Amino acid sequence: LASHSHTISGSLRISGSTYIEDDHRIYFGTDNNVSIRYDEAGENVLRIDNDTLIDDDKKLYFGSDKDVSLKWNSSNGYLDIDNSIAIPDDKIIYFGGALDASIHYDEDGVDAFTITGTRTKIISKTPGIFGSNTPLQLTASQVNIGDDTKLYFGADNNAHIEYDEDGTDHFRVVAGN
């Protein structure tokens, strides 16, 4: 093919396949604002070189049978994922603008599921759960609470228990703040 440039004013309809050679772009916009190309010389992937917008309530599918999809649900402000998610070992999910908290499975370190943050709460939406009617259930064979860590009771931290390792070196039960 010759390397010429042609301008078409109006619509262009092609019935049949169109072939774009490796590493050549299709441009969009008067100033070539966005392009799509198949990157054969690099990673063998289809590349879009600028921001891409998927309209509200439309899905982005993965898998030849639409096995999973991502959808921005504008009615509730959530990103919906319609299948299971697998997070590989040692990959962290952060929360907060300053990465204030995180969860991950720490395979390379302590080999445990970890939740970190300056203040961590487990809150149930069901009345009674974790309250006076239904206990918090831990099914692990062992639960470790570090030295000098207080376990508080009551809405106003009315009492606590702790192993006071750096003070009296005793287990303490304290009523009142």
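Just so you know, these numbers use all the heavy atoms, side chains as well, and skip hydrogens, waters and symmetry mates. All values reported here derive from a predicted model rather than from experimental measurement.
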Student: May I have all residue pairs that pass salt bridge (charged side-chain N to carboxylate O under 4.0 Å, His left out) and include part of residues 29-40, sequence neighbours excluded?
Tutor: R37-D39, D39-R47

Student: Under the rule for side chain to side chain contact (heavy atoms under 4.5 Å, CB included), what residues qualify as partners of N50, not counting sequence neighbours?
Tutor: V34

Student: Hey, can you pull the donor-acceptor pairs under 3.5 Å for the side chains in residues 93-105, sequence neighbours left out?
Tutor:
from: S102; atom 1: OG; to: T116; atom 2: OG1; distance (Å): 2.6
from: H104; atom 1: ND1; to: T114; atom 2: OG1; distance (Å): 3.0
from: Y105; atom 1: OH; to: D111; atom 2: OD1; distance (Å): 2.6

Student: Extract all donor-acceptor atom pairs below 3.5 Å that involve side chains of residues 80-91 and protein atoms in other chains or at least two apart in sequence.
Tutor:
from: D80; atom 1: OD2; to: N73; atom 2: ND2; distance (Å): 2.9
from: D82; atom 1: OD1; to: S69; atom 2: N; distance (Å): 2.7
from: D82; atom 1: OD1; to: S69; atom 2: OG; distance (Å): 3.4
from: D82; atom 1: OD2; to: S69; atom 2: OG; distance (Å): 2.9
from: N83; atom 1: ND2; to: D67; atom 2: O; distance (Å): 2.8
from: D90; atom 1: OD1; to: E107; atom 2: N; distance (Å): 2.9
from: D90; atom 1: OD1; to: D108; atom 2: N; distance (Å): 3.1
from: D90; atom 1: OD2; to: D108; atom 2: N; distance (Å): 3.2

Student: Tell me every residue that passes side chain to side chain contact (heavy atoms under 4.5 Å, CB included) with I161, counting only those two or more places apart in sequence or in another chain.
Tutor: L151, F153, F171, V173

Student: Looking only at non-hydrogen atoms, find the nearest pair between T30 and N33 and report the distance.
Tutor: N-OD1, 3.9 Å

Student: Mind checking the CG-NZ spacing from D56 to K71? Nearest 0.5 Å is all I need.
Tutor: 10.0 Å

Student: Are V68 and L79 co-members of a hydrophobic cluster defined by side-chain heavy atoms under 4.5 Å apart?
Tutor: yes

Student: Side chain to side chain contact (heavy atoms under 4.5 Å, CB included) with I8: which residues, sequence neighbours excluded?
Tutor: L12

Student: Side chain to side chain donor-acceptor pair (under 3.5 Å) with D169: which residues, sequence neighbours excluded?
Tutor: Y163

Student: To the nearest 0.5 Å, what is the distance between CG on L60 and NZ on K66?
Tutor: 11.5 Å

Student: Is Y38 reachable from I48 through a run of I, L, V, M, F, W or Y residues, each pair having side-chain heavy atoms under 4.5 Å apart?
Tutor: no

Student: Could you check whether any side-chain heavy atom of I36 comes within less than 4.5 Å of a side-chain heavy atom of Y27, counting everything from C-beta outward?
Tutor: no

Student: Could you check whether any side-chain N or O of D55 sits under 3.5 Å from a backbone N or O of K58, counting only pairs where one atom can act as donor and the other as acceptor?
Tutor: no

Student: Any side-chain heavy-atom pair from E162 and D148 closer than 4.5 angstrom?
Tutor: yes

Student: Please check if the number of heavy atoms outside D51 that lie under 6.0 Å from its CG is greater than 12.
Tutor: no

Student: Got a sec, which residues hit side chain to side chain contact (heavy atoms under 4.5 Å, CB included) with T168, two or more places apart in sequence or on another chain?
Tutor: D164, H170, R172

Student: Considering non-hydrogen atoms only, spot the tightest contact between A159 and A175 and give its length.
Tutor: CB-CA, 3.9 Å

Student: What distance do R25 atom CZ and D49 atom CG have between them, rounded to the nearest 0.5 Å?
Tutor: 5.0 Å

